[in-house]
2 protein chains.
Amino acid sequence: MARTVKGPDARRERWKGHREQRRAEFVEATIAAVAKKGPDVGMEDVAAEAGVSKPVLYRHFTDKSDLYLAVGQRATELLMDRMGPALAADGPIRARIERIVDAYLSVIEENPNLYRFVVKGSFVDRPVEKDVVAEDKNLIASALARILGDYLRAFDMDSGGAEPWAHALVGMVQNAGDWWLERQTMSRANLSDYLATIIWHAVDGLLRSAGVQADPAKPLTPLRLVD
Amino acid sequence: MARTVKGPDARRERWKGHREQRRAEFVEATIAAVAKKGPDVGMEDVAAEAGVSKPVLYRHFTDKSDLYLAVGQRATELLMDRMGPALAADGPIRARIERIVDAYLSVIEENPNLYRFVVKGSFVDRPVEKDVVAEDKNLIASALARILGDYLRAFDMDSGGAEPWAHALVGMVQNAGDWWLERQTMSRANLSDYLATIIWHAVDGLLRSAGVQADPAKPLTPLRLVD
DNA sequence: AAGTAACCGTTACCTCAAGTAACACTTACC
DNA sequence: GGTAAGTGTTACTTGAGGTAACGGTTACTT
């Protein structure tokens, strides 16, 4: 009875990865169900799509909004996979902006149903507690704010505007993308160009007002980064 | 029995205005209920707030989403009352932009609960059919697009970008406002200024790229309006 | 004056989807 | 053999949206 040090019962560990996998499976099923039956799918539908009955679903998700949250996170992954590189890449500033914007548009273009489900989503009983979309936008906006803030500081400018700027940009691209997705009245490349132009002009104006002359065709680097 | 020409039975007309008034009354009750009990109010709550029972509500609104739609439209009115003048007003371009932005922010600042209810709204069973918020954004964006388009044409520039521009601007202000409303980390005036600066720079940049030199302190008027 | 078309309002019900209880089988660690 | 995890089922409860059926009021119509 000297305790066998082996730690927690191995029977508890046996499933560790399995649960994750199962959740992912159900998330995929939800996405498939949404694609098939529109954004108003119920738990029953999702369960059916996954080939199980409701209680099974509820063993993996506490409730509907938990499931939908997971779907939202999956969507975020898709988005980030595409946007991450674009955000991180260096290069001519104007082209870089356009690439980021286009990355976003390409994702929503490829997954319109998923996108609509998540953003205009039937977050049926979401008591505003967890709003995936808001989370995601904050995530992206924060990343942007950090980048912007760094540049502003590097150019010795007031960095207080970085956050509102970031959120403004995110909202701008999202809403324009939204509109474009519904009535596709122009090519994606065209929209990316328009949006990038707006953003570039805004950035350029900001820099000018601080006496910096930027070249859209060059990477944006301050002459001297702070120390 | 030569028909008494008096047209439709006057008993039918008697209530014409009354129904409108009653609907408005319930819309107000909903807003009040939302203020009191958070955004998750049910029909029962709303009815209670209005001092009646559910069926009465259902005599005036076909269903929940009809009621919420009406609430949304009421919110639009509030918004438009404030933004209309700002949009229509003439004056120095930079100040004008700021005024429009600030008008928007002031409305959401004064009715935060209503705002949240409507936009992040518990549009519980909305089958995407009628989305008030989307409607409203389109409304505003269209107004903007018209203004922008006119200017672009007046300056002999490509006006194809007017619509994406408009939607981009709307999304920008909305999202930044959203963010600001949740964590109020700066004054409204401050945010208005930041946003107006972004927009002004974008506008200015666009004009520059067409060889037009604009003065932020002057009304934006093309030298010669088309014919 | 009697009839009736519109409203006012109620209580008690129906319905449907979210979520749960209870029960039975499987696997692999102890 | 015991048991801790997971597999799965059918059948239930719950709650909010929405409806039925009933009765009362007002004021126009005949």
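Below, chain A is the first sequence line, B the second, and so on; all start at residue 1. Quick caveat, the model's predicted, so the values are computed rather than measured.
- Using modelled atom types, no side-chain atom of Ser159(A) and backbone atom of Ala162(A) make a donor-acceptor pair closer than 3.5 Å.
- Between dA6(C) and Arg19(B), no contact under 4.0 Å exists linking OP1 or OP2 to a side-chain N or O.
- When ring centroids are compared, Tyr68(B) and Phe61(B) stay outside the 6.0 Å threshold.
- Straight-line distance from the CD atom of Glu44(A) to the P atom of dT20(C): 15 Å, rounded to whole Å.
- Distance CZ (Arg22(A)) to C1' (dT7(D)): 8 Å, rounded to an integer number of Å.
- Protein atom CG of Asp66(A) is 14 Å distant from nucleotide atom P of dA18(C), rounded to whole Å.
- When both distances must be under 3.5 Å, the Watson-Crick or G-U wobble mate of dT30(D) is dA1(C).
- Here dT20(C) presents its P atom at 14 Å from NZ of Lys64(A), a figure rounded to the nearest Å.
- The nearest whole Å value for the distance from the CG atom in Asp45(B) to the P atom in dG18(D) is 14 Å.
- Ion pair Arg23(A)/Glu20(A) not flagged as a salt bridge, since none of the NZ, NE, NH1 or NH2 atoms sits closer than 4.0 Å to an Asp/Glu carboxylate oxygen.
- Distance CZ (Phe61(B)) to P (dG18(D)): 13 Å, rounded to an integer number of Å.
- The distance between atom CG of Asp40(A) and atom P of dC16(C), rounded to the nearest whole Å, is 16 Å.
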### Task
Dump the intermediate steps for side chain to side chain contact (heavy atoms under 4.5 Å, CB included) on Leu114(A) and Val34(A), then the final yes or no.
CA-CA 7 Å; Leu114(A) 178 56; Val34(A) 166; over 6 Å; no

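- No donor-acceptor pair closer than 3.5 Å links the side chain of Arg99(A) to the backbone N or O of Leu87(A).
- With sequence neighbours excluded, no residue forms a side-chain hydrogen bond (donor to acceptor under 3.5 Å, both in side chains) with Gln184(B).
- Near DNA chain D, defined here as any heavy-atom distance below 4.0 Å, the residues from residues 51-60 of chain B are Lys54(B), Pro55(B), Tyr58(B), listed numerically.
- When rounded to the nearest whole Å, the span between CD of Glu25(B) and P of dC8(C) equals 9 Å.
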